[in-house]
Amino acid sequence: MAFRSKTAAQDALKRAVAKAALEEIRPLLTPETVIGVGTGSTANMFIDELGTLAGTFKGAVASSEASAERLRGHGIDVFDLNSVGSMPVYVDGADEIDPGFAMIKGGGAALTREKIVAACAERFVCIADESKDVAVLGQFPLPVEVIPMARSYVARELVKMGADPIYRQGVITDNGNQILDLYDFPIEHPVEMESRINQLVGVVTNGLFAARGADVLLLGRKDGSVERREA
Ligand SMILES: O=C[C@H](O)[C@H](O)[C@H](O)COP(=O)(O)O
């Protein structure tokens, strides 16, 4: 998976929130601490910052093979989630976040592992540039990870729910599954919609992180500042 930002200016905002995230979690890091680490261009910048503290904490659980590789490249030990108990914090980006701290994630197809690792963390720190800050979720297409043989069935069911699912061709998730993206699908009630879509047979999970949203948002502003919001 290659993650790129559209502009150098956007990269600067992501770098600023990545640095802010490191300061946010620094007090939690002890030689016994394992933290959860997300996926994407913003998470990559966080991993690069985290690399400066490699050796001062135990390690990380990664939400994708790509992040695991990057963590190891910085000398950070990567643990299987099954060998780790609760983690104090999970740090990850988002494709959109609303005022209630519900998010759309999965633009990089890592949604399922992200949701699992986030579920095991006491706090979710979302790191994002201000373009991700929206009043209503759904401008960004909502990803739905499906078991390959169920793709057409799930797509038909999603159409009945008023969505316009598009198969993300050529993309296989780290779990060996496929992605349907729901375009032009404004989401007024994210908790209900997350649950409704997840109940379709063949859906592994969807990219709404609403029942378990973020706890802290670090938002990079165009003026170079980082705004901190807490749920
Ligand atoms: O599957 C990818 C993840 O959900 C990312 O956290 C999300 O797409 C945001 O990525 P980026 O930081 O590259 O905008």
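Whatever order the structure lists ligands and atoms in, that order sets their numbers, starting from 1.
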Using the side-chain hydrogen bond (donor to acceptor under 3.5 Å, both in side chains) criterion, which residues pair with H74? Sequence neighbours excluded. D48

So the atoms of ligand 1 within less than 4.0 Å of a heavy atom of K132 turn out to be 11 (P), 14 (O)

Any N or O on G106 sitting closer than 3.5 Å to an N or O of ligand 1? yes

Identify, by atom number and element, the atoms of ligand 1 in contact range of T42, meaning under 4.0 Å from any of its heavy atoms. 11 (P), 12 (O)

Minimum heavy-atom separation for K115 to N198, with atom names? NZ-ND2, 4.2 Å

Sub-4.0 Å atoms of ligand 1 with respect to non-hydrogen atoms of E114: 1 (O), 2 (C), 3 (C), 4 (O), 5 (C), 6 (O)

As an exercise, identify every atom of ligand 1 less than 4.0 angstrom from a heavy atom of S41. 11 (P), 12 (O), 13 (O), 14 (O)

Under 4.0 Å from a heavy atom of K105: which atoms of ligand 1 are those, numbered in the order shown and with their elements? 3 (C), 4 (O), 5 (C), 6 (O)

Does I116 reach the side chain of L81, with side-chain heavy atoms less than 4.5 Å apart? yes

With no hydrogens and no angle check, just 3.5 Å: does a side-chain donor-acceptor pair link N177 and N175? no

Heavy-atom pairs closer than 4.0 Å: do any link ligand 1 to the side chain of A94, the backbone, both, or neither? backbone

Under 4.0 Å from a heavy atom of A110: which atoms of ligand 1 are those, numbered in the order shown and with their elements? 1 (O)

Using a strict threshold of under 4.0 Å (side-chain N to carboxylate O), is an ion pair present between K160 and E157? yes

For the CD atom on E192, are there more than 12 heavy atoms of other groups (residues, nucleotides or ligands in this structure) within a distance under 6.0 Å? yes

Any chance CG of D184 has more than 12 other-residue heavy atoms, nucleotides or ligands included, within less than 6.0 Å? no

Proximity of S64 to ligand 1 by residue part, where a heavy atom lies under 4.0 Å: neither

Would you say that more than 12 heavy atoms from the other residues, nucleotides or ligands in this model lie under 6.0 Å from the NZ of K132, or not? yes

Would you mind listing which atoms of ligand 1 come within a distance below 4.0 Å of any non-hydrogen atom of G107? 1 (O), 2 (C), 8 (O)

Please confirm whether A109 comes within less than 3.5 Å of ligand 1 when only nitrogen or oxygen atoms on both sides are compared. yes

Need the ligand 1 atom indices (1-based, order shown) with element for anything under 4.0 Å from a heavy-atom of T39. 3 (C), 5 (C), 6 (O)

